Amino acid sequence: MKLKRDISICPKCFSKNISSDKGFLPGGIEAFQFDVSLCNDCGYRGRVFLIVNEQEYYKLKEEKQRKT
């Protein structure tokens with residue numbers, strides 16, 4: 001369950017700049033449109049995005065930057 005302090009982040013770039021979209025997923029059934037989320041920073045499109053606590057987000061973002 002999503003709480004007020006929880007945010008959705010992109011699993012690819014850990015950005016919280018996400019918007020909703022309707023479209024087709026690669027490899028999916030082309031006859032159906034899905035509610036998909038779209039990362040506005042890296043362009044990742046999918047139905048599964050990470051939900052993390054807002055305080056944990058900054059820790060994850062720091063770790064991601066250290067690894068790259």
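FYI, side chains are in, hydrogens and waters are out, and symmetry mates aren't considered; it's all heavy atoms of this structure. The model shown is predicted, which means the values in this text are computed figures rather than measured ones.
To the nearest 0.5 Å, atom CG of residue N17 and atom CD1 of residue I9 are 13.0 Å apart. Note that CD1 of I7 and CD of E56 are 10.5 Å apart. Values are rounded to the nearest 0.5 Å. From S8, atom OG reaches atom CZ of F49 across 8.0 Å, with rounding to the nearest 0.5 Å. Expressed to the nearest 0.5 Å, how far CG of N40 lies from SG of C13 amounts to 9.5 Å. The distance from atom NZ of K16 to atom SG of C10, rounded to the nearest 0.5 Å, is 14.0 Å.
Between L60 and V52, the closest side-chain pair of non-hydrogen atoms falls below 4.5 Å.
Between E62 and R66 a salt bridge is recorded (basic side-chain N to carboxylate O distance below 4.0 Å).
The heavy-atom pair separating S37 from I18 by the smallest distance is CB-CG2, 3.9 Å. Across all their heavy atoms, K12 and C42 have their closest contact at CD-SG, 4.0 Å. Of all the heavy atoms in D6 and N53, the pair that sits closest is OD1-CA, 3.5 Å.
Residues passing the ring-ring contact (aromatic ring centres under 6.0 Å, His included) test with Y57: none are found, sequence neighbours excluded.
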